[in-house]
Amino acid sequence: QVQLVESGGGLVQAGGSLRLSCAASGRTFSTYTMAWFRQAPGTERDFVSLLSWRGGNTAYADSVKGRFTISRDNAKNTVYLQMNSLKPEETAVYYCAADKSFGRGGRFVNQYDYWGQGTQVTVSS
């Protein structure tokens, strides 16, 4: 069983930055495609970004392109999401997800096998 633990959320003013981290258990982290999703109250969980297990393929939601950057450190079993120029409408719980070994991932919740508990990001206006 893979465990994912997010951290780095908090309160930030509009235009500010945060870096989220997601630490994974297990020895096969380097074979997982990793992703970030977010969910605001009363809404569905939405795709934010993914990074393939090979590290060569990234994808972003249109709304975050140019402002968010996903990266991973396989030696630390950690994936990051650097978020710049944050907007109040991006207030949500941010979740880390993993698609098991050599998975392709994708933009849909059901394409991922493991989830973290989420970290709250609040952007004030």
Side-chain angles (χ1 to χ4, degrees):
Q1 184 70 17
V2 174
Q3 291 188 325
L4 304 175
V5 180
E6 301 98 334
S7 61
L11 174 64
V12 64
Q13 289 188 332
S17 298
L18 283 175
R19 188 176 82 153
L20 305 183
S21 299
C22 172
S25 66
R27 294 175 289 179
T28 55
F29 173 79
S30 63
T31 66
Y32 302 150
T33 288
M34 302 298 296
W36 289 93
F37 286 75
R38 64 188 178 190
Q39 187 170 20
T43 69
E44 295 184 347
R45 195 168 294 189
D46 292 330
F47 171 76
V48 176
S49 182
L50 70 81
L51 178 58
S52 67
W53 65 273
R54 293 185 178 185
N57 181 40
T58 60
Y60 296 92
D62 288 344
S63 60
V64 307
K65 282 180 181 177
R67 299 185 297 116
F68 289 15
T69 303
I70 191 170
S71 62
R72 66 193 296 161
D73 185 338
N74 288 339
K76 295 183 178 180
N77 279 16
T78 300
V79 64
Y80 305 97
L81 185 68
Q82 177 67 43
M83 306 186 296
N84 299 328
S85 302
L86 282 161
K87 305 174 182 180
E89 57 265 36
E90 295 180 311
T91 293
V93 177
Y94 283 69
Y95 295 91
C96 173
D99 182 9
K100 63 186 179 183
S101 296
F102 311 112
R104 294 183 178 181
R107 296 173 180 255
F108 300 98
V109 169
N110 61 8
Q111 292 176 296
Y112 293 86
D113 302 290
Y114 308 110
W115 292 84
Q117 82 290 348
T119 185
Q120 176 70 47
V121 172
T122 302
V123 185
S124 64
S125 57

For this session: Give every residue pair that meets the disulfide (SG to SG under 2.5 Å) criterion with at least one member in residues 63-95, sequence neighbours excluded.
Result: none

For this session: Quick one: which residue pairs count as a ring-ring contact (aromatic ring centres under 6.0 Å, His included) with a foot in residues 14-52, not counting sequence neighbours?
Result: Phe37-Phe47, Phe37-Tyr112, Phe37-Trp115

Problem set entry | Within 45° cone of Tyr80 ring axis and under 6.0 Å: Arg72 NZ or CZ | no

Seminar exercise, completed: Residues at least two apart in sequence or cross-chain that pass side-chain contact (heavy atoms from CB on, under 4.5 Å) with Thr43, listed by chain then number, are Gln39, Ala40

Problem set entry | Side-chain heavy atoms of Thr122 within contact of Val12, under 4.5 Å | no

Exercise. Which value, rounded to the nearest 0.5 Å, describes the distance between Ser49 atom OG and Arg38 atom CZ?
Worked result: 10.5 Å

Exercise. Of all residues at least two apart in sequence or in a different chain, which pass the side chain to side chain donor-acceptor pair (under 3.5 Å) check with Gln3?
Worked result: none

Exercise. Between Thr69 and Leu81, is any pair of side-chain heavy atoms under 4.5 Å apart?
Worked result: no

For this session: Could you list the residues that satisfy salt bridge (Lys or Arg N to Asp or Glu O under 4.0 Å) with Arg67, not counting sequence neighbours?
Result: Glu90

Problem set entry | Shortest non-hydrogen separation from Gly9 to Val121 and the atoms involved | CA-CG2, 4.1 Å

Exercise. Taking C-beta and beyond as the side chain, do Asn57 and Leu50 meet within less than 4.5 Å on heavy atoms?
Worked result: yes

Exercise. Say you draw a straight line from CG of Leu18 to CZ of Phe68; how long is it, rounded to the nearest 0.5 Å?
Worked result: 9.0 Å

Exercise. Applying disulfide (SG to SG under 2.5 Å), which residue pairs with at least one partner in residues 55-87 are found, sequence neighbours left out?
Worked result: none

Exercise. Can you list every pair that meets salt bridge (Lys or Arg N to Asp or Glu O under 4.0 Å) and has a residue in residues 97-117, with sequence neighbours left out?
Worked result: none

Problem set entry | Nearest-0.5 Å distance that lies between atom CD in Gln13 and atom OG in Ser125 | 9.5 Å

For this session: Considering non-hydrogen atoms only, spot the tightest contact between Leu4 and Gln117 and give its length.
Result: O-OE1, 3.5 Å

For this session: Evaluate the side-chain proximity of Val64 to Met83: yes if any heavy-atom separation is below 4.5 Å, no if none is.
Result: no

For this session: Provide the full list of disulfide (SG to SG under 2.5 Å) pairs with a residue in residues 36-99, sequence neighbours left out, each pair given once.
Result: Cys22-Cys96

For this session: Check whether any side-chain heavy atom of Thr58 sits under 4.5 Å from a side-chain heavy atom of Tyr60, and report yes or no.
Result: yes

Exercise. Side chains of Ile70 and Val79: closer than 4.5 Å at any heavy-atom pair?
Worked result: yes

Problem set entry | Gln1 and Tyr114: CA distance, side-chain angles, deciding distance, side chain to side chain contact (heavy atoms under 4.5 Å, CB included) verdict | CA-CA 8 Å; Gln1 184 70 17; Tyr114 308 110; 3.9 Å; yes

Exercise. Mind checking what makes salt bridge (Lys or Arg N to Asp or Glu O under 4.0 Å) contact with Glu6, not counting sequence neighbours?
Worked result: none

For this session: Sequence neighbours left out, what passes side-chain contact (heavy atoms from CB on, under 4.5 Å) with Ser7? Give chain and number order.
Result: Ser21

Seminar exercise, completed: Value for CG (Leu20) from OG1 (Thr78), rounded to nearest 0.5 Å, stands at 12.5 Å

For this session: Report yes if the side chains of Thr119 and Val93 come closer than 4.5 Å at any heavy-atom pair, otherwise no.
Result: no

Exercise. What do the steps show when you test Gln111 against Thr33 for side chain to side chain contact (heavy atoms under 4.5 Å, CB included), and what is the final call?
Worked result: CA-CA 10 Å; Gln111 292 176 296; Thr33 288; over 6 Å; no

For this session: Name all residues meeting the side chain to side chain donor-acceptor pair (under 3.5 Å) criterion together with Asn84; count only those two or more places apart in sequence or in a different chain, and write none if there are none.
Result: Ser17, Gln82

Problem set entry | With Phe102 via ring pair (Phe, Tyr, Trp, His ring centres under 6.0 Å) - residues at least two apart | Trp53

Exercise. Minimum heavy-atom separation for Ser124 to Leu11, with atom names?
Worked result: CB-CD1, 4.3 Å

